2 protein chains.
Amino acid sequence: MSLDYILLGLLREPASGYDLKAVFDERIHYFWPAELSQVYPAMQRLEDKGLLRSREAPAKRGPRRRVYQTTAAGHRVLRQWLDESPELGDERIGFLAKVYLMDELRDLSKTRQYFRELREICATRLEELQAIERGWAAQDPHYPDALSARMFHVSLTLRKGLSSLATHVKWCDESLRRIEARMGKERSNGRTIPRHTLDSHRGGHHRTDRVLDSRSRKQGRPAAR
Amino acid sequence: MSLDYILLGLLREPASGYDLKAVFDERIHYFWPAELSQVYPAMQRLEDKGLLRSREAPAKRGPRRRVYQTTAAGHRVLRQWLDESPELGDERIGFLAKVYLMDELRDLSKTRQYFRELREICATRLEELQAIERGWAAQDPHYPDALSARMFHVSLTLRKGLSSLATHVKWCDESLRRIEARMGKERSNGRTIPRHTLDSHRGGHHRTDRVLDSRSRKQGRPAAR
DNA sequence: GTGGCCATGTAAACTGTTACATGATTCT
DNA sequence: AGAATCATGTAACAGTTTACATGGCCAC
């Protein structure tokens with residue numbers, strides 16, 4: 001349901017669905033991704049409820065655009081939502097689910113490889129956010145201070161991203177240390193490299209050939225693909 | 001789709017849907033919550049695909065139970081999933097969405113209150129995880145070392161929760177400092193306490209009277225509640 | 001006997017993603 | 001003429017939550 005409220009918040013300035021999609025992909029997607037196919041119907045619903053109003057906008061360069069904006073009722077609804085207590089909500093963290101079960105592979109070098117890749121992904125995204133912050137600092141001489149109320153709140157969220165990702169990278173590093181220490185112990189305990197590594201043929205089969213790919217009808221033969 | 005794989009992982013030891021729900025609520029829900037109404041059909045689907053097998057179990061104290069267990073095919077599918085590269089995935093972080101838009105309230109004391117509550121929630125959950133770790137340390141004299149492969153991987157995920165939540169609390173504290181500094185500046189700039197505080201009548205209306213509560217049919221009058 | 005926990009499910013609703021359909025304008 | 005970008009949507013599917021239905025067994 002947060003999407004509706006985010007829309008009300010973003011449409012305090014008038015914008016089209018298409019405009020909004022750009023905003024989502026640029027700034028919002030870090031905490032709330034959205035697709036156009038979800039945004040358009042949502043805006044229509046909110047207009048039907050009287051929380052948004054829209055008008056046909058003269059289109060320079062392109063076809064007709066419908067521009068939406070939050071109404072007074074929309075502002076009230078938004079403020080009521082903002083005034084509610086925070087909730088952590090249910091986060092689904094797929095990469096942790098994998099780590100939790102990864103003993104199944106019986107091969108710590110696989111776990112190590114997993115953490116190395118994860119570290120890379122997070123470090124890259126961290127740099128992305130650091131670049132944003134540098135940009136802000138560059139065009140505002142007393143950056144973290146003297147911000148508008150709007151930017152102040154936005155900067156609180158940026159800081160969250162920055163600190164979360166930095167910690168994430170540190171966790172990967174700590175994990176890699178533990179994994180390597182453990183691998184060292186395994187070797188010195190006389191265990192040789194696990195034989196399961198035989199499975200690693202047909203090089204680099206990342207993200208291909210999903211087996212569990214769609215719901216099968218009852219009694220459908222599993223092989224029938 | 002991760003749910004299916006988590007089920008395959010958990011059912012390396014036989015268990016009923018009901019058992020599994022307890023495991024989810026106790027350990028797994030930190031990174032992947034699940035409801036029974038989702039677990040039961042999922043297990044049936046996985047059995048139809050040949051990845052789980054089930055048997056009727058003699059029920060001491062209660063009605064009949066159906067106990068599931070991962071098959072050899074299920075193990076293969078699980079290992080294939082575990083072998084894929086990590087992905088961050090789309091996280092939806094509702095509490096950040098609110099902070100991002102909270103300038104709308106035009107009342108920093110509301111933002112401060114929000115962060116105080118958020119800090120409390122996270123600190124509580126942090127203590128929860130710390131208690132788990134203390135429990136492990138208590139019943140295992142050389143705790144973080146010499147773990148089974150299973151527990152080693154589980155402990156990697158616990159450490160993630162611990163470090164994430166500690167950082168989260170620190171972010172709340174940093175934010176509270178910034179908010180209070182800014183409130184001080186507002187006061188000294190001659191601005192008095194914002195008048196919007198008039199809205200704060202009818203004390204403590206947390207989590208009540210959601211306005212945007214369900215999709216309205218087209219053209220439904222907004223007032224018709 | 002009834003309240004609580006054990007146990008298994010179905011149905012409907014909600015939220016979100018992927019794929020598709022359509023067409024204008026601008027740039028090369 | 002064709003590709004890229006602007007622009008708006010629909011349809012089908014996938015994943016999850018909430019509400020409901022059912023019933024056994026056990027303790028008080």
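Chain letters run A, B, ... following the sequence lines, proteins first and then strands; every chain starts at 1. Predicted, not measured: the structure shown is a model, and the values here were computed from it.
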| said: Please check: side-chain N/O of B:T157 versus main-chain N/O of A:L96, any donor-acceptor pairing under 3.5 Å? | reply: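 No; zero donor-acceptor contacts below 3.5 Å.
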
| message | Does anything in residues 120-130 of chain A form a side chain to side chain donor-acceptor pair (under 3.5 Å)? List the pairs, not counting sequence neighbours. | response |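 Those involving residues 120-130 of chain A are A:Y30-A:E128.
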
| message | Reading DNA chain C from 5' onward, which residue's closest nucleotide shows up sooner: B:Y40 or B:D90? | response |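 That would be B:Y40.
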
Presence of [X] side-chain N/O under 4.0 Å of [N] phosphate oxygens OP1/OP2:
X	N	result
B:R65	C:dA7	yes
B:Y18	C:dC6	yes
B:Q44	C:dG9	yes
B:S16	C:dT8	yes
A:R92	D:dT16	yes
B:Q38	D:dT17	yes

For atom [atom1] of [X] and atom [atom2] of [N], their distance in whole Å:
X	N	atom1	atom2	answer
A:L3	C:dT17	CG	C1'	13 Å
B:K21	D:dT17	NZ	C1'	11 Å
B:E91	C:dT15	CD	P	20 Å
A:E47	D:dT8	CD	C1'	14 Å
B:R45	C:dT10	CZ	C1'	15 Å
A:L36	C:dC20	CG	P	17 Å
A:D4	C:dG16	CG	C1'	12 Å
A:R64	D:dT5	CZ	P	20 Å

| query | What residues form a ring pair (Phe, Tyr, Trp, His ring centres under 6.0 Å) with B:Y114, not counting sequence neighbours? | reply |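 Listed in chain order: nothing, the list is empty.
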
| Test: A:R66 and A:E56 ion pair at under 4.0 Å |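 Here A:R66 pairs with A:E56 in a salt bridge, since their nearest N and O are under 4.0 Å apart.
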
| query | Taking N and O atoms by type only, does the side chain of B:S37 place a donor or acceptor under 3.5 Å from a partner on the base of D:dT16? | reply |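 It does not, because no donor-acceptor pair links the side chain of B:S37 to the base of D:dT16 below 3.5 Å.
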
| Between atom OH of A:Y100 and atom CD1 of A:I93, what is the distance when rounded to the nearest 0.5 Å? |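 It is 14.0 Å, given to the nearest 0.5 Å.
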
